[in-house]
Number of protein chains: 2
Amino acid sequence: MSRDDAHEKRSRKGAMQPTLTDVAREAGVAPITVSRYFNDPEALRDATRLKVEAAVNQVGYVRNMIAGSLASATTRVIPVIVPSLANVVFIEVIRGLQQRLEAAGYQLLLGKTDYDLDREAQLVRTFLGWSASGLIIAGLRHSDETRQLLENWNQPVVEIMEYGDGLDMNVGLDHRAAGHAMATHLLNRGYRHIHYAGAELERDYRAGERFEGHRQALEAAGLPAPLLDLPSRQQMDSGAEALMHIRTHSPTCDAIHFANDDMACGALLAAMRDGIRIPEDIAIAGFNGLPIGRHMTPRLTTIVSPRELIGQRAAEQLLRRIRGEPLGELSINVGFTLHEGESA
Amino acid sequence: MSRDDAHEKRSRKGAMQPTLTDVAREAGVAPITVSRYFNDPEALRDATRLKVEAAVNQVGYVRNMIAGSLASATTRVIPVIVPSLANVVFIEVIRGLQQRLEAAGYQLLLGKTDYDLDREAQLVRTFLGWSASGLIIAGLRHSDETRQLLENWNQPVVEIMEYGDGLDMNVGLDHRAAGHAMATHLLNRGYRHIHYAGAELERDYRAGERFEGHRQALEAAGLPAPLLDLPSRQQMDSGAEALMHIRTHSPTCDAIHFANDDMACGALLAAMRDGIRIPEDIAIAGFNGLPIGRHMTPRLTTIVSPRELIGQRAAEQLLRRIRGEPLGELSINVGFTLHEGESA
DNA sequence: GTGAAAGCGCTAACAG
DNA sequence: CTGTTAGCGCTTTCAC
C-alpha cells in the first residue's frame, strides 16, 4: 500500500493518515483555522467553514484526538470503575452514565476491579494518565493509595452506589436504611423469625450494610437476626440453596430477606417447583426491583433501587462540575421504594 | 493550591503533574532512561532501575499516556462498539473481551449505537482518532461509511456475534443454523403448528436470521411459518403478551419458538400464573441459554450461545494480530448447543 | 546500557 | 475572524 501523493517528509510511520496541516494546505488556511472548524465552528465565517469542510472531505481527514488531548491537556474521556460486570446493577448504572456522557460528547473508558482494592488503585493510576475530564468510581470504600491518588488529582470524581461522605461528589442510596425498611415491612406483616440470606457479604459489602439495617430493625423489636452467608455461585442457585438450607435447619423461620432479587427469584422458583407455598409456608423478599420479580407468582416484594438514575445523576453532576456550573449538593441520595408483591 | 517546588517554566497549565523529565532530573539520568524503565525495564542495569524507581516514587510520577501515545502513534486502547447495553448478551461478550484485554494491558473504550448505523459510523470515526490498537464491533452489517473507514484503517478489526464474511476477522455463530436447529427439534418432537415470536426483528436482525432458519426448516417439512413481531417493550412482558396473543388468535398453535430466553421465560411465567400447561397445552422454546431458563418449571428448552467465549476469542484474535502472531482462521464459528428442558 | 536531538499532530496564547 | 509562534510530554532514531 504505497503513497502516491502529498505527504513527503513523513518520517516515523509509513502510510500516514492526513493531518490537520494537510487539510489546512488543501483549504488554503492556517492549521489553527481547521482546528477551530472542529472545536468552535461558530467562530468561523461561513465561507471559511465551507472551504474547510470541503478540504476535510477531500483528503478524508480523521481527527487525531491524542494530539489534541496532549496540546489541550484534557480528554473527553471519563473512566468508569466498577467491581464487576456480572451484576446487572452495575450494567444499568453504566447505561445511565453512558447515555448522559455520550450525549455530551464524552467517551467512556471501562475498568473492572473484581472487588480487589489493589486492582482498583492500579486502574485509577492508569486512568489518571489519560488526562481524563473526571472519573466515576463505585463505592465509598477504597484503599489509601486510591484515596490519595484521587485527592491529589484536581479533576472531579463521583463515587456512586452509596450515599454518604466521600472524596468529592457522590450519588447513591443508603443501603442501611434500605435493609431497615424491608425488615420493618416484614415485622409489620407479622413475621417474627426472619432470616437474612446473602452470598459473599464481605465482598458485596453493600448487601452487608443492608443486613446491618435489617439487624437494627430486628434488634429494636427484640428479635434475633440470623444470617446465612453463602459462598459465591450463580445467584439464583444460591437463592434456591438458601431456601432449602433454612427450611431444613431452621424450620420455624417464617420469612427470608434476600440480599438481592436474583437470589429471591431463585428461591421463589425453587418453591414453586417443590410446592412450598409463598408466603404461607415462608415469605420471601428481595432487593433491586428487577423486572423478573413482577413476573413471579406470587410477585416478589422488593426494594427498587433507581440504578439507571444513579448513572444519569452521576453523569450530570460530573458534567456540571466540568462546565463550572453550580451543583447544589455534593452528595445526592437517590432513595429507594418498597414494592409490595404477594411474596411477603 | 500553590506550587512550591521544582516546576518553574510551566506555561499553559497551573499546577502540573510531575513529568518524565522531573523524574529523570531527580534520578540523575536522561528522560529516555525513565521511559525505558516503564517500557522495557529489562534493558536497564539494576542499579539504574533502582535509582529511577526511587525517583518515581519520590516525585509521585503518573505516566502521561497521551503524550506517549502521540509519540509512538499507538494506544493500548480497544474500542468496542455494540448496539445496546440493555441486552445481557452484549454484556457477557463485553465481559469476555474485558477479561482477556485487561489481562494483556489494554483498556476498553465503550460505544453504543442504539442499533443506528449512522451513529455507528460516527462512533467508528471518533474511535479511529484514538490511534487504537484495534477495534471490536458487533455485527456484520454496517453502513458504507463505516465499512470504508474501517477498510482504510490499517489496524485489526474483529466483527463479533455473527459468523460469515466480514471486513477482517470475525467471531460468532450462525444464527440461521441456530433457528433451523430449534425448528427441527420442535418438528422432531411432533409439533406441527409452530409460531415464531420476536420483538422488533428489523432492529434485532440476528433474531430475524434465526427466524429465516426456522422458516426454512418448516417449509422443508411443508409447513407454514407464522411470525409474530411485536413492538419493543420489556422483553418478558413481550413474551407474556405473545403467548396470550397467539393462544387467542391461533388456538391450534402447539409450539412457540421465541426469539430469546427473556421472552420465553416471560411466557413461561405467565403460563404458570394462568394455569396453562407447558408443554401439554403449548410448547415453548427460547434462545441464549440464560441461567434463569434452568430454574423454570418446566425447564426451558433453549439454544445456548457461548457469549463470553465470543468475547474471549475475539480478544485473542485481536491480540494475536497485534502481536503479529499467526491466527489460524480469520472467521471463527463458536457454534451453539441445544439444551433440552421439558418446555418443548 | 545510556544519551542527544528531533519530532508526533494538535491547540493555547497572543497578535492583528 | 484569522494567523503566528511555541510548546504539550513522551518516544523514535541514531550515536556512543
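Chain identifiers are assigned alphabetically (A, B, ...) following the order of the sequence lines, protein sequences preceding nucleic acid strands; residue numbering begins at 1 within each chain.
The side chain of A:Arg63 approaches C:dT11 more closely than any other nucleotide in the set D:dT12, D:dG9, C:dT11.
Residues forming a side chain to side chain contact (heavy atoms under 4.5 Å, CB included) with B:Thr74 (at least two apart in sequence, or on another chain): B:Ser72. A search for side chain to side chain contact (heavy atoms under 4.5 Å, CB included) contacts involving B:Glu325 returns B:Arg320, B:Arg323, not counting sequence neighbours. For B:Ser84, there are no side chain to side chain donor-acceptor pair (under 3.5 Å) partners, not counting sequence neighbours.
Here D:dC10 presents its C1' atom at 13 Å from CH2 of A:Trp130, a figure rounded to the nearest Å. Summarising the geometry, the separation between CD on B:Gln17 and P on D:dC10 is reported as 10 Å, rounded to the nearest angstrom. Atom-to-atom, CG of B:Leu70 to P of C:dA6 comes out at 18 Å; the value is rounded to the nearest Å. As a whole-Å value, the separation of A:Met65 CE from C:dT11 C1' is 13 Å. A:Leu20 places its CG atom 14 Å from the P atom of C:dC8, with the value rounded to the nearest Å. Rounding to whole angstrom units, CG of residue A:Asp22 and P of C:dC8 are separated by 11 Å. Nucleotide D:dG9 holds its P atom 7 Å from the CG atom of B:Asn64, rounded to whole Å. Rounded to whole Å, the distance from CZ on A:Phe38 to P on C:dC10 is 9 Å.
Listed by first and then second residue, the ring pair (Phe, Tyr, Trp, His ring centres under 6.0 Å) pairs that reach into residues 112-157 of chain A are A:Trp130-B:Trp130, sequence neighbours excluded.
Under 4.0 Å is where a charged nitrogen must lie from a carboxylate oxygen, and between A:Glu316 and A:Arg313 at least one such pair does. Residues B:Glu162 and B:Arg141 are not paired through a salt bridge, judged by the lack of any N-O separation under 4.0 Å between the basic side chain and the carboxylate.
Here B:Tyr61 lies in heavy-atom contact (under 4.0 Å) with sugar-phosphate atoms only.
For the OP1/OP2 pair of C:dC10 and a distance below 4.0 Å, the side-chain nitrogens and oxygens of A:Ser35 include no atom meeting the criterion.
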When you compare the protein's N or O atoms with those of nucleotides 1-4 of chain C, which come within less than 3.5 Å of each other, and at what distance?
unit_1 : atom_1 : unit_2  : atom_2 : d
C:dT2  : OP1    : B:Thr48 : OG1    : 2.2
C:dT2  : OP2    : B:Arg45 : N      : 3.0
C:dG3  : OP2    : B:Ala30 : N      : 3.1
C:dG3  : OP2    : B:Thr33 : OG1    : 2.3
C:dG3  : N7     : B:Arg36 : NH1    : 3.3
C:dG3  : O6     : B:Arg36 : NH2    : 2.8

Without placing hydrogens or testing angles, list every side-chain donor-acceptor pair under 3.5 Å for residues 51-63 of chain B, not counting sequence neighbours.
unit_1  : atom_1 : unit_2  : atom_2 : d
B:Asn57 : ND2    : B:Glu53 : O      : 3.3
B:Arg63 : NH2    : B:Asn39 : OD1    : 2.9

